[in-house]
Amino acid sequence: MKILGIESSCDETAASVYADGNILSNIIASQAVHQKFGGVVPELASRAHHKSITATVEQALSEARTGLGDLDGIAVARGPGLMGSLLVGLSFAKGLAVSNHIPLIGVNHIDAHMYANFIEHKEAYPFVALIVSGGHTRLVYTEKIFQHKLLGKTRDDAAGEAFDKIGKILNLPYPAGPVVDKLSRDGDGSFHQFPRSMIHKGLDFSFSGLKTSVLYYIQEKGETYVQHNLNDICASISEAITDVLVEKLKKAAEKTGVHHILIAGGVSANSMLRQKVMSYAKESGLNLMIPSIQYCTDNAAMIAVTGALKMRENIIDDLTLKPFARIEKGC
Ligand code: KG4
Ligand code: ZN
């Protein structure tokens with residue numbers, strides 16, 4: 001089964017071809033235009049998607065040595081995300097599908113982050129997933145394929161958003177998550193004890209208190225002190241965020257009694273988080289699935305593989321397929 005995946009939900013225009021367990025191409029056109037604004041500007045994102053989508057899809061097909069006639073399906077991210085951005089990918093996918101008589105498959109971007117794990121790992125159910133991205137922090141129990149139960153979510157900022165907003169306070173470039181990660185590697189995480197909000201309270205998350213606490217800390221200590229101890233401060237922040245994430249994943253796994261756990265989304269690229277979940281899985285004898293770095297942050301391979309799984313389960317859409325901005329409105 002050969003599937004073209006298209007992703008345009010935020011600031012990455014991406015296309016990928018997946019065939020029978022293999023990613024044949026995985027093209028990502030990132031939008032540098034947002035950097036000077038310190039965050040994604042929705043209107044600029046839609047325009048940039050519009051500019052690059054044709055070339056991105058063409059490159060994905062050509063690298064995969066695939067013609068449109070070889071495709072069994074076109075999978076496209078339909079939400080959650082920025083409405084204008086989603087519409088570019090969705091309209092493009094619909095056009096390709098209808099003009100070439102190829103089935104269309106709408107994919108939930110958050111589900112796709114989870115199922116990206118099945119590019120490199122054997123499918124295994126039931127599992128608990130910790131999905132940590134720029135827009136979402138969710139703990140999900142998946143009993144069977146596409147049967148998800150939400151166990152917990154963030155009440156304010158997402159984990160990636162926390163990294164990005166705290167990074168902005170520290171004058172780091174956007175997106176700050178990878179930069180904080182890199183600086184943390186040469187730092188001492190016990191340098192300062194930042195708060196671990198709600199760590200022992202249910203399965204929901206809260207990260208806005210941490211952001212405020214970092215802001216006060218910087219105001220109190222002053223710029224020079226912060227610059228001098230940047231690695232240690234970043235490591236202490238990373239410790240606080242990852243401690244909460246791992247503790248909640250642990251609680252969710254214990255509560256559900258699963259043997260399989262996975263992490264997914266942009267923040268699952270974080271080296272400290274990866275290390276902590278690996279030791280937890282080892283200690284508790286659980287099967288841990290972690291995507292390789294290229295499949296953590298937004299990509300179209302995850303859309304293509306989820307599209308293939310949906311096709312296998314006979315879940316196919318038609319031209320009435322609509323985008324959705326918020327996850328609550330999604331499937
Ligand atoms: O999944 P993703 O690419 O996009 C969304 O669906 O939101 O996640 C992007 C988020 C950003 O907040 C970015 O800072 C964060 O993932 N991120 C990281 C790392 N790499 C990406 N956060 C911490 N450590 C990283 N290595
Ligand atoms: Zn994402």
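All ligand and atom numbering here is 1-based and tracks the order in the structure.
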What protein heavy atom sits nearest [atom], and how far off is it?
| atom | value |
| --- | --- |
| atom 22 (N) of ligand 1 | G177 CA, 3.4 Å |
| atom 7 (O) of ligand 1 | G134 N, 2.8 Å |
| atom 17 (N) of ligand 1 | G266 O, 3.6 Å |

Nearest-0.5 Å distance that lies between atom CD1 in I327 and atom CD1 in I131: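 If we round to the nearest 0.5 Å, I327:CD1 and I131:CD1 are 7.0 Å apart.
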Separation between CD1 of I233 and CG of D188, rounded to the nearest 0.5 Å: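 I233 atom CD1 to D188 atom CG measures 11.5 Å (nearest 0.5 Å).
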Parallel, tilted or perpendicular: ring planes of Y225 versus Y217, cut at 30 and 60 degrees: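 Perpendicular.
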Y115 and H148 aromatic ring geometry - parallel, tilted or perpendicular at 30°/60° bounds: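 The rings of H148 and Y115 sit tilted, inter-plane angle from 30° to 60°.
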Shortest-distance N, O or S atom of H113 relative to the Zn ion (ligand 2):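 Closest N, O or S atom of H113 to the Zn ion (ligand 2): NE2.
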N/O/S atom name from D298 that is nearest to the position of the Zn ion (ligand 2):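 The nearest such atom is OD1.
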At a non-hydrogen distance cut-off of under 4.0 Å, which region of [X] contacts ligand 1 (side chain, backbone, both, or neither)?
| X | result |
| --- | --- |
| H109 | side chain |
| H136 | neither |
| T297 | both |
| D181 | side chain |

Quick check on contacts: which atoms of ligand 1 are under 4.0 angstrom from a heavy atom of [X]?
| X | value |
| --- | --- |
| S133 | 1 (O), 5 (C), 6 (O), 7 (O), 8 (O) |
| G135 | 7 (O) |
| H113 | 1 (O), 6 (O) |
| D164 | 11 (C), 12 (O), 13 (C), 14 (O) |
| G160 | 12 (O) |

Do [X] and [Y] share a hydrophobic cluster, counting only Ile, Leu, Val, Met, Phe, Trp and Tyr and linking them when any side-chain heavy atoms are less than 4.5 Å apart?
| X | Y | result |
| --- | --- | --- |
| I105 | V17 | no |
| M278 | I261 | yes |
| V140 | I145 | yes |
| I6 | I119 | no |
| V179 | M272 | no |

side-chain hydrogen bond (donor to acceptor under 3.5 Å, both in side chains) assessment of R274 paired with S268: CA-CA 7 Å; R274 292 167 87 92; S268 64; 4.9 Å; no
Checking the N or O distance criterion of under 3.5 Å, is ligand 1 in contact with [X]?
| X | value |
| --- | --- |
| P175 | no |
| F163 | no |
| D298 | yes |
| N270 | yes |

C10 near ligand 1 by a heavy-atom separation under 4.0 Å: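 No, C10 has no heavy atom closer than 4.0 Å to ligand 1.
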S8 and its side chain to side chain contact (heavy atoms under 4.5 Å, CB included) partner, picked from H50, H49, H109: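 Exactly one option meets the side chain to side chain contact (heavy atoms under 4.5 Å, CB included) with S8, and it is H49.
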Crowding at NZ, K153 (>12 non-hydrogen neighbours, <6.0 Å):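 Result for NZ/K153: open.
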Metal site the Zn ion (ligand 2): N/O/S of C10 inside 2.8 Å: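 Within the cut-off used here (under 2.8 Å), C10 places no N, O or S atom near the Zn ion (ligand 2).
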